Amino acid sequence: MKRQVWLLSPTPLITPEYDNQEELYNLWLNQLDEAISILTNAENQIDFGTQDLIYNGDYSKWAKFCNLLKLKIAARMINIDLQKALQIAEEVATSEAGYMNALGDDFIYHRGIKYYGTLEEMWIGYGGQNVINFLRDNLDPRLRFIFEKNGFNAEVVQAFIDAEVDLPPYVEQYVTYDGDGNFAGWAGPGEPWVRYHGIPLAPDAQLEGENDIYFNQGSLFRISAGDAEKSYAGTSLYSEKVVRTSYDYTYPTKPGGSVIQLKDNDPPLNVVLGSSAETNLYLAEFKLLGANIPGAAQDYFDQGVRLSVRRMDAIADNNQMPYYESDPVYALEKGPEAEDKAEAASTKLKEGEIDALLTQPAYDLTTDGLEKVYIQQYINFANTPNDMWTLVRRAGIPKKNSNYLAWEDLLSSGNEITLPRRFRIGTPTEDSKNYENELNSVTEQGFTTGTLDPQVLNTERLWFDKNNPQYGAGSNN
C-alpha cells in the first residue's frame, strides 16, 4: 500500500512522492499515539452526541479503537520486526486508555434506516468441509451464524424415504429410523447441528465420481409428489444475510407442502469494522509470542472466543437471519412437542454453549497454542475477508496436516494452484504528470506491473508480507 503526500499550499501538488510501507506504518503508529493522547484528555472536546454514528460521542471508546488499530499494525509486523510488534502489544495492554474488551466497545458501522447492504445477489458459495467440520465437531455456535442450514429437515428426509430416493450419505448418517423404516429422529448432536455440511475445495475434486453428492446435488437430490417437484441442497451456503439484509428465504418443505418464507424483513445493515474479540485474540497471540503483558494467554483467548460468539449472535439477531428464533417447518408437525422442536432447531445462541465450547481440546492452549489462536482469529474474520486474507498470509493457516483445521491442497490437474498474495498493479504511463514517482514506487517495491500471473503475484509481495510463510505452511514463530 502507498500513500501520496499532499502538501497544503495554494497550488495543488500534482507530482507527489510516495511514502514506502515501512514509513507509513511508523507514521500511522505515531498518529494513533497522538490521537489516544487527545482522546483521553477530552475536557475541552466538543460533544458530538448522536452525530457520532459509532460511539455517540464517547471519546474513551475511540481511544480504545485506536489501540486496536495499533494491534492490527503490530500483527502485520510479526515476521518483519517481531520486537517492535511485541513492544506495540505491550503499549496497548498497559495503555491508560484501555483496550476494547466488551461488546459495547465494538466498532459497528450502523448504516441508515433504508440501507440493507448490497441488493445484488451474491451467492458466495458453499462452505468448505474443513471449516464446517471443525465448527460442527466442536459444537461452535458460530457455525450457525456464518452458514445456512441445508435443505434436509425432518419433513424433507421423510419425503425422500417415501419417494425411495437415497439421502446424501452425510445427511443419512445422522438419521434414525423406526420399525417401519420411517424417520424417527436425529442421531449425534441433533438439530440444528446435523444441518451443516461442507464440500471439498480442490478443483480436481469435481472430477471424482464419488463427489457427485457434493457437485451434482440438483440432479441427485430431486424428488416429486404428484405434479410437484423439488431439489434440495445437502450442503451449507455462506449466509448472505451477513452482508445484505434485503434477502428473502424460502424454507425447505416437501414437494406440494407448505410454502413458508422469510421476506420483507430488511433491517439496516450492521458492519463490524473492529471488535473486542479481535483485540483479545491478538493479545493472546502476542502473549504466546513473548510480549510482557499482564494477562494469561488462555484468559485473553477465552475472552476473545466469548466475545466473537456473542458478536456473531448479535449480528444474526439484528439481520434477522433464517431460523434464528425457530425452525418454522418443525412447528407444522402435529402434537404438543412441535413448538419445542422448532425452538430447539433455532440457531440463536443458547445458554451454556460458550462454556461448553471452551472445554473442547481445540480451545485449550496447553498444546499448539499459537495455531489454536490463529484458528480462532480465522473463524472470527469469517465475515471480514480482508482481515482473513491478511491472517492467512502472515500466519500460514489453515495449516497443512493440522490436527485441528487443516489446509486442503487446491489441486487442479494434479498440481497445486499457486495463489496470489497481492493484487495486480497497473503500469505507470508516461502521459501521467507523476510518471517518475509512480515508476519509482513500483520499482522500489520490486513489482512487475500489469501482470495477472499468480506466480508473480505470489512471490512479489507487499512489505509486511515479505518474510511471511507460504500459504498452508504454518507460523514462522
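Here the structure is a predicted model, which means the values were calculated and not measured.
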Pairing donors with acceptors under 3.5 angstrom, does anything connect the side chains of Asp302 and Gln298?
yes
Partners meeting side chain to side chain contact (heavy atoms under 4.5 Å, CB included) with [X] (sequence neighbours left out):
{"X": "Thr366", "answer": "Asp364"}
{"X": "Ile417", "answer": "Pro203, Leu410, Ser412, Leu419"}
{"X": "Asn403", "answer": "none"}
{"X": "Pro192", "answer": "Arg144, Lys149, Tyr196"}

Salt bridge check, Asp409 against Lys400: does any charged N sit closer than 4.0 Å to a carboxylate O?
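Asp409 and Lys400: salt-bridged.
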Thinking salt bridges, do Arg195 and Asp327 make one under a 4.0 Å N-O criterion?
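Here Arg195 pairs with Asp327 in a salt bridge, since their nearest N and O are under 4.0 Å apart.
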Under the salt bridge (Lys or Arg N to Asp or Glu O under 4.0 Å) definition, can you give me all pairs with a residue in residues 268-286, not counting sequence neighbours?
Lys72-Glu278, Glu285-Arg394
Cation-pi, Phe447 ring and Arg422 (6.0 angstrom, 45 degrees)
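Yes, Arg422 and Phe447 form such a contact.
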With rounding to the nearest 0.5 Å, note down the distance linking OG1 in Thr347 to CD in Glu148.
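That separation rounds to 10.0 Å.
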Going from CG on Asp368 to OG on Ser402, what distance comes out if it is rounded to the nearest 0.5 angstrom?
7.5 Å
Fit a plane to each ring of Tyr249 and Tyr251, take the angle between them on a 0 to 90° scale, and name the class: parallel (under 30°), tilted (30 to 60°) or perpendicular (over 60°).
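Because their plane-to-plane angle is over 60°, the rings of Tyr249 and Tyr251 count as perpendicular.
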When Asn380 is tested against each of Leu307, Asn280, Leu281 for side chain to side chain contact (heavy atoms under 4.5 Å, CB included), which residue passes?
Leu281
Run the ring pair (Phe, Tyr, Trp, His ring centres under 6.0 Å) test against Trp193 and tell me which residues pass, sequence neighbours left out.
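Listed in chain order: nothing, the list is empty.
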